[in-house]
Amino acid sequence: MKPFAALTVSVAALSFVAPAAAQFEKPEDAIKYRQSVLFVMGQHFGRIGAMANGKMPFDAKAAQENADMVVILAKLPWAGFGPGTDKGRETKAKPEIWTEQAKFREHADKMAAETVKLAAAAKTGDLDKLKTAFGDTAKSCKACHDNYRNK
Ligand code: ASC
């Protein structure tokens, strides 16, 4: 293998297998990352909510685009909750996140699964289905906030 090709392969392999924490230079960055992702996710989710709650006219295409975005964003925050990222910047994250990792992960997985259903509902173009899926997804957001986020 040519050296450059070898380097490309090893960098690609590293980015795939490296522990999540390794992608952040310092805890502050991990906290900023997860807060940013959750903020952006809230913006896209909120646009769907505005339609579901009749605050914005229903636009099936916009609902679908936002839901697809939410599915992708829902995968991201968890890498920012690695070991040692409980402190380093102002955060509402409760210490239980790091002492109940499996339970926390269950909440994250549940939310991710709900976002997939949300995107499927958005694809139907049926506002009632969107409303139901939005409610279920919001519940999964809230469950995690109630357990793992300080007020
Ligand atoms: C949102 C948003 C959340 C959830 C949560 C559901 O639109 O930004 O964090 O819904 O409020 O209870």
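Order of listing sets the numbers, starting from 1, for every ligand and every atom in it.
Aromatic pair F104/W98: ring centres not closer than 6.0 Å.
Between H145, K142, R149, it is H145 that holds the heavy atom closest to atom 3 (C) of ligand 1. Among G46, C141, A50, the residue whose heavy atom sits closest to atom 5 (C) of ligand 1 is C141.
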Exercise for the section: I would like to know whether E114 and M111 meet side chain to side chain contact (heavy atoms under 4.5 Å, CB included); could you show each step before the answer? Expected result: CA-CA 5 Å; E114 295 296 350; M111 190 272 278; 5.7 Å; no
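Residue T91 forms a side-chain hydrogen bond (donor to acceptor under 3.5 Å, both in side chains) with just one option from E28, R149, K32, R34, and that option is R34. When E100, K92, H107 are each tested for a side-chain hydrogen bond (donor to acceptor under 3.5 Å, both in side chains) with Y148, only one passes: E100.
Under 4.0 angstrom from ligand 1, there are no non-hydrogen atoms of K139.
Inside a 4.0 Å radius of atom 10 (O) of ligand 1 there is at least one protein heavy atom.
Considering every non-hydrogen atom in both P77 and A74, the closest pair reads CD-O, 3.7 Å.
Per-residue contacts place F45 under 4.0 angstrom from the following atoms of ligand 1 (heavy atoms of the residue considered): 1 (C), 7 (O), 10 (O). Every atom of ligand 1 with a heavy atom of G42 under 4.0 Å away is listed here by number and element: 8 (O).
Looking from atom 6 (C) of ligand 1 to the surrounding protein, the closest heavy atom is A138 O, 3.2 Å.
Using a 4.5 Å cut-off between side-chain heavy atoms of Ile, Leu, Val, Met, Phe, Trp and Tyr, V116 falls into a hydrophobic cluster with V71.
Distances from ligand 1 to the non-hydrogen atoms of Q43 include no value under 4.0 Å.
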